[in-house]
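Below you'll find the structure, written out as structure tokens, and then a few comments.
All values below come from the heavy atoms of this structure, side chains included, with hydrogens, waters and symmetry mates left out. Read the numbers this way: they start at 1 and go in the same order the structure lists the ligands and their atoms.
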Amino acid sequence: AAKSAGAGERRFFDEAMNAQASARLAREAELRRAIAGGELRLYLQPKIDSTSGEMRSAEALVRWQHPERGLLLPGEFIPLAEETGQITELTAWVLDEVCALATRCKRAGLREQPIAVNVAASCFMADGLVERLDQLVRSHHMSPQALVLEVTESMLMKDLDRAVERLQELHAHGFKLSLDDFGTGYSSLAYLKRFPIDELKIDRSFVIDVDHGEKESALVEAIVTLAHRLNMQVVAEGVETPSQAAALQRLGCHLHQGYLYARPMPAQAYEALLATRPVLEAAAPH
Ligand code: C2E
Ligand code: MG
Ligand code: MG
Ligand code: MG
């Protein structure tokens, strides 16, 4: 009896694993169809100069318009894309869309603003990345400075020496670099000086309570001072309230991104916004 129970148990697990594996295969195929079949959507969220309310640049944030499940956020499909290697095609799609958008803006006589693209670890380290990016901007008659690549600390720390080399290569070719989610990785400040980074993004977790106390604001102030001393721009991520915005300004952080100013929006809405040169938030009182 013990033997057959063992066998039954094993069969149960085999079936469960098969079911899991085939569900995963189905999701993988679905994502492949999404990327090749036009179900991805380019969204953009402005980065704002909070002292004037003017839009300075934007970040590309991908969405998936799923035929049954509606508009999906990256959290629901980027991890799968990374695991399956489809992140390569997905990133290529985002980069193409961003360049197409920049070209449309230029033709329409709109201000040219840099657009940031999030780059996953595997894409960042992939062979030939710099050559492909060169080729891409050249084919769109774009300046490499129009493209910002957002990378994370934890990504860079995996293989620091190669990462620094890659950053230097990108920097030498004129691409702009942004350090995303700053403060959440196991950052070693010593390495910061080795990164030819143009912009540092303070993670939302610091912004959430920047207006709540001495310690919270001390941390943000230290990051802002450090970044400025290293000649980097600082962007606060996830600014949601006027009180957070005012606290950030007091601490010397004037570039903001967050729902307070604008949510991520479809490319068309972003183009319309560029055309009207809006003030996205009245300058906070000093
Ligand atoms: P991230 O690069 O740190 O992007 C910031 C996230 O914060 C975005 O979430 C944005 O919508 C959200 N956000 C902006 N302002 C606020 C705010 O005021 N409050 C709150 N609560 N959230 C705010 P989203 O679009 O869901 O993207 C999540 C993450 O997915 C991104 O984090 C990025 O790591 C990744 N991702 C997005 N698009 C791409 C892409 O095209 N390629 C890759 N590899 N990753 C991407
Ligand atoms: Mg980002
Ligand atoms: Mg971020
Ligand atoms: Mg973040």
Side-chain angles (χ1 to χ4, degrees), residues 31 34-35 39-48 50 55 57-65 70-99 101 114-126 129 133 147-156 176-185 187 197-211 223 233-245 247-248 253 255-267 269-270 280-281:
L31 182 58
I35 298 170
E39 292 175 18
L40 296 183
R41 297 287 178 270
L42 181 71
Y43 272 57
L44 295 127
Q45 188 183 34
K47 299 182 187 179
I48 283 118
S50 64
M55 184 158 45
S57 59
E59 175 177 10
L61 295 161
V62 69
R63 271 93 180 95
W64 176 359
Q65 186 64 60
L71 194 67
L72 303 183
L73 294 172
E76 297 196 58
F77 59 91
I78 291 282
L80 181 69
E82 288 185 355
E83 284 167 37
T84 59
Q86 295 186 68
I87 192 71
T88 307
E89 286 78 35
L90 184 145
T91 305
W93 182 88
V94 173
L95 283 164
D96 275 340
E97 287 294 309
V98 161
C99 291
L101 168 66
I115 299 180
V117 173
N118 290 286
V119 182
S122 63
C123 297
F124 181 69
M125 283 307 190
L129 171 74
L133 287 174
L147 216 51
V148 183
L149 305 172
E150 291 197 7
V151 299
T152 63
E153 284 167 281
S154 36
M155 208 170 106
L156 302 178
K176 295 289 163 200
L177 298 162
S178 171
L179 196 51
D180 205 355
D181 302 343
F182 185 76
T184 58
S187 41
I197 291 282
D198 303 283
E199 174 185 280
L200 192 150
K201 299 182 80 174
I202 304 178
D203 191 68
R204 191 169 80 85
S205 56
F206 295 95
V207 172
I208 283 177
D209 48 19
V210 65
D211 54 340
I223 297 175
Q233 294 206 309
V234 192
V235 177
E237 287 194 293
V239 183
E240 291 185 349
T241 69
S243 162
Q244 289 167 350
L248 287 161
C253 179
L255 291 172
H256 299 178
Q257 189 179 356
Y259 296 168
L260 174 63
Y261 304 91
R263 291 191 173 248
M265 63 189 87
Y270 168 76
L280 286 169
E281 158 84 342

Backbone or side chain, does any N or O of Gln257 fall under 3.5 Å from an N or O of ligand 1?
no
Per-atom contacts of ligand 1 with Gln45, taking only distances under 4.0 Å to non-hydrogen atoms
14 (C), 15 (N)
Any heavy-atom pair between the side chains of Phe124 and Met155 that's under 4.5 Å?
yes
Look up atom CD in Glu153 and atom OG1 in Thr184, then write down how far apart they are to the nearest 0.5 Å.
6.0 Å
Under 2.8 Å from the Mg ion (ligand 2), protein N/O/S atoms total 4
When you compare ligand 1 with Leu260, is there at least one nitrogen or oxygen pair between them that comes in under 3.5 angstrom?
no
Within-4.5 Å side-chain heavy-atom neighbours: Glu199 and Phe182
no
Quick one: look at Asp181 and ligand 1, take heavy-atom pairs under 4.0 Å, and tell me if it's side chain, backbone, both or neither.
side chain
Subset of ligand 1 atoms that lie under 4.0 Å from at least one heavy atom of Val62:
38 (N), 39 (C), 40 (C), 41 (O)
Counting each atom of ligand 1 from 1 as listed, which ones have a heavy atom of Pro264 under 4.0 Å away?
11 (O)
Starting at CD1 of Ile197, measure out to CG of Leu156 and round the result to the nearest 0.5 Å.
6.5 Å
Can you tell if the side chain of Leu147 reaches within under 4.5 Å of the side chain of Val98, non-hydrogen atoms only?
yes
Report the distance from atom CG of Asp181 to atom CD1 of Ile202, rounding to the nearest 0.5 Å.
12.0 Å
Please round to the nearest 0.5 Å and tell me the distance separating atom CG of Leu177 and atom CG of Leu200.
12.0 Å
Nearest-0.5 Å distance, OG1 of residue Thr84 to CD of residue Glu89
8.5 Å
So Asn118 and Ile78, do their side chains get closer than 4.5 Å, heavy atoms only?
no
Under 4.0 Å, heavy atoms only, figure out whether ligand 1 is touched by the backbone of Glu237, its side chain, both or neither.
side chain
Evaluate whether atom CD of Gln86 has more than 12 neighbouring non-hydrogen atoms of other residues, nucleotides or ligands under 6.0 angstrom away.
yes
May I ask you to list the atoms of ligand 1 that are less than 4.0 angstrom from any heavy atom of Ile87?
44 (N)
One finds that the ligand 1 atoms under 4.0 Å from a non-hydrogen atom of Val94 are 41 (O)
Mind checking whether Thr91 has an N or O less than 3.5 Å away from an N or O of ligand 1?
no
Side chains of Val151 and Leu179, heavy atoms from C-beta outward: is any pair under 4.5 Å?
yes
Please work out whether any backbone atom (N, CA, C, O) or any side-chain heavy atom from C-beta onward of Glu82 is under 4.0 Å from ligand 1, and answer side chain, backbone, both or neither.
neither
Does Glu240 reach ligand 1, in the sense of a heavy atom lying below 4.0 Å from it?
yes
Checking heavy atoms under 4.0 Å, the part of Ile78 that sits near ligand 1 is side chain
So is Glu59 close enough to ligand 1, meaning a heavy atom under 4.0 angstrom away?
yes
Partners meeting side chain to side chain donor-acceptor pair (under 3.5 Å) with Glu150 (sequence neighbours left out):
Lys47, Lys201
Leu255 side chain reached by Val234 side chain, heavy atoms, under 4.5 Å
no
At under 4.0 Å between heavy atoms, what of Arg263 touches ligand 1? The answer is neither
Heavy atoms only: which of Tyr259, Tyr261, Trp93 is nearest to atom 13 (N) of ligand 1?
Tyr259
In Å, rounded to the nearest 0.5 Å, how long is the span from CD of Glu240 to OH of Tyr259?
7.0 Å
